[in-house]
There are 2 protein chains.
Amino acid sequence: MANEGSTLRERKKAKTRAALIDVSQRLFAERGYIGTTLEDIAAEVDVTTQTLLRYFDSKAQLALAPLIAPLEGLEHHLEDQGRSVDTLSAWRLYVQIEAEEAANPSEATTATYVANLRTYHEWVDKDPALVASLSGVERRLQQVLATAMAQDAEVESDDLHSTLVAALLVAGRRAVWDRWMARGPDTGSLVDDQLAVVDYAVASLPRRVLEATE
Amino acid sequence: MANEGSTLRERKKAKTRAALIDVSQRLFAERGYIGTTLEDIAAEVDVTTQTLLRYFDSKAQLALAPLIAPLEGLEHHLEDQGRSVDTLSAWRLYVQIEAEEAANPSEATTATYVANLRTYHEWVDKDPALVASLSGVERRLQQVLATAMAQDAEVESDDLHSTLVAALLVAGRRAVWDRWMARGPDTGSLVDDQLAVVDYAVASLPRRVLEATE
DNA sequence: CTTGGAAGTGTTAGTGACTGACATATCATA
DNA sequence: TATGATATGTCAGTCACTAACACTTCCAAG
């Protein structure tokens, strides 16, 4: 568990950050989202609420940190791969890695973390603000994805086809993920389902069909 | 413009509600979302902020009222049509009506209203909270739509195919709408584009393809 | 090892969205 | 016109979030 941050300062930061997530995760699950104040969380981690807000932009961002992290990771992944690989391949790769990681967690991803993921829908779905926040993050991801694919295809950035494919990919990822979290631990293969959805989206939405009607 | 509410009380309510939307719309456009306080809006309409909050659940709901209204109308439309018509037909009909209304507004829908729609992206997209709120409403709509379609097809409510079709329909509606708002007044037919996207979604996502991989 | 500067944290004071309880005013209806 | 319902105002309060400033902790260069 010892973080491998080169400097002491970085290790400390990573530690408090992790603590904030862990504690908040537990409190949110116990007392609910609105039933837990930032002060409660900060007090238990032994920092001030202001410090907490230096780590996370908002209460929602803290609550959704474990769900937002992979989404932002995906954004970065798409930016990094940029020119070297086409966007769809980058997406497929990331979704696969992400699913494998959740299916059999490595030492980096603790079992507690995966366990927490499963309890998310019990308290996240209850609060409209949280649902909205998560949807907002997903929407931004969708736009990044659509723009990247439009660039690949060398079409205008608000290309309708790219937008729809991106929407299908993001929604599909979320849907498979939700189902996996809601149902029992090992109902079907998470990895297989994720990849299947990508194939389905790509195969089902040929550009030609849309252009004909446009 | 005189509201045809049967009772005086209802007419008053409708009037202040409309005033709140109009004033807020203008102020948000002028000073931005965060730059406008609820107090500013309430003062100009000559009510207290508490009264304002009795009309709208939150600042975001007020700001997005003109965008949320049709979405909720769509939800009700789907519920009403319920058993009489299949969900997809209900969706198609509503999207069509909605687009026609915007393309050539009737006396009920004022021209100012349509003009406001076009300036939305200038200040809504700037604020993550607003983007999130709107995305949240759309997500709920997507779920309602997916559930309804799953019932039509007599499959489990978390059916993956229904979810994906719903996602595509909602995203497509939004995309066509955004493009219409962003580009000039009459670039292409809004109605035709909306209907084309519905056809495209239905034609492109056959259940078989997904079932084969599931 | 020390020192200068950067980075993290605490403190304080404040804003603004939102809630609840209660009193008051306004309107519908009998 | 009287009575109950509904809308609004008033007051007090919570909480997320911001900004400015002082202080402590840590890194890195000399």
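Chain A is the first sequence line, chain B the second, and so forth, proteins listed ahead of strands; every chain is numbered from 1.
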Can you measure [X] atom [atom1] to [N] atom [atom2] for me and round it to whole angstrom units?
X      : N      : atom1 : atom2 : value
A/K15  : C/dG8  : NZ    : P     : 17 Å
A/R17  : C/dG8  : CZ    : C1'   : 15 Å
A/L27  : D/dC15 : CG    : P     : 14 Å
A/R11  : C/dG8  : CZ    : P     : 15 Å
A/L20  : C/dT9  : CG    : C1'   : 13 Å
A/L53  : C/dG10 : CG    : P     : 12 Å
A/D127 : D/dA16 : CG    : C1'   : 13 Å
B/I34  : C/dG16 : CD1   : C1'   : 12 Å

Carboxylate-amine/guanidinium contact [X] [Y], below 4.0 Å:
X      : Y      : result
A/R31  : A/D40  : yes
A/R139 : B/D178 : yes
A/R183 : B/E156 : yes

Quiz prompt | Under the side chain to side chain donor-acceptor pair (under 3.5 Å) test, residues paired with B/E75 that sit two or more places apart | solution = B/R140

Quiz item: Which parts of residues 60-69 of chain B get close to DNA chain D, meaning a heavy atom less than 4.0 angstrom away?
Solution: none

Quiz item: With sequence neighbours excluded, what pairs up with B/T147 under the side-chain contact (heavy atoms from CB on, under 4.5 Å) test?
Solution: none

Exercise. Identify, with sequence neighbours excluded, every residue that meets side-chain contact (heavy atoms from CB on, under 4.5 Å) alongside A/P66.
Key: A/I21, A/Q25, A/Y113, A/Y120

Scan nucleotides 4-8 of chain D against the protein and return all N/O pairs shorter than 3.5 Å with their distances rounded to 0.1 Å.
{"residue": "D/dT6", "atom": "O4'", "partner": "B/R9", "partner atom": "NH1", "Å": "3.2"}
{"residue": "D/dT6", "atom": "O2", "partner": "B/R9", "partner atom": "NH2", "Å": "3.4"}
{"residue": "D/dA7", "atom": "OP1", "partner": "B/K13", "partner atom": "NZ", "Å": "3.1"}
{"residue": "D/dT8", "atom": "OP1", "partner": "B/Y55", "partner atom": "OH", "Å": "2.8"}
{"residue": "D/dT8", "atom": "OP2", "partner": "B/Y55", "partner atom": "OH", "Å": "3.3"}

Quiz item: Of the candidate nucleotides D/dC26, C/dT12, D/dC15, which contains the atom at the shortest distance from the side chain of A/Q50?
Solution: C/dT12

Exercise. Can you figure out which of D/dC27, C/dC27, C/dC18 approaches the side chain of A/L8 most closely?
Key: D/dC27

Check whether any side-chain heavy atom of [X] lies under 4.5 Å from a side-chain heavy atom of [Y], and answer yes or no.
X      : Y      : result
A/Y200 : B/L205 : yes
A/R173 : A/Q194 : yes
A/E44  : A/R26  : yes

Quiz item: Would you say the side-chain atoms of A/S24 pair up with the backbone N or O of A/L20, donor to acceptor, closer than 3.5 Å?
Solution: yes

Check the interface with nucleotides 28-30 of chain D: list each N/O to N/O pair with the protein under 3.5 Å, or write none.
none

Practice problem: Using a 4.0 Å heavy-atom cut-off across all strands, classify A/T49 as base, sugar-phosphate, or nothing. | Solution: nothing

Practice problem: Name the orientation class of the two ring planes belonging to B/Y33 and B/W123 (parallel below 30°, tilted from 30 to 60°, perpendicular beyond 60°). | Solution: parallel

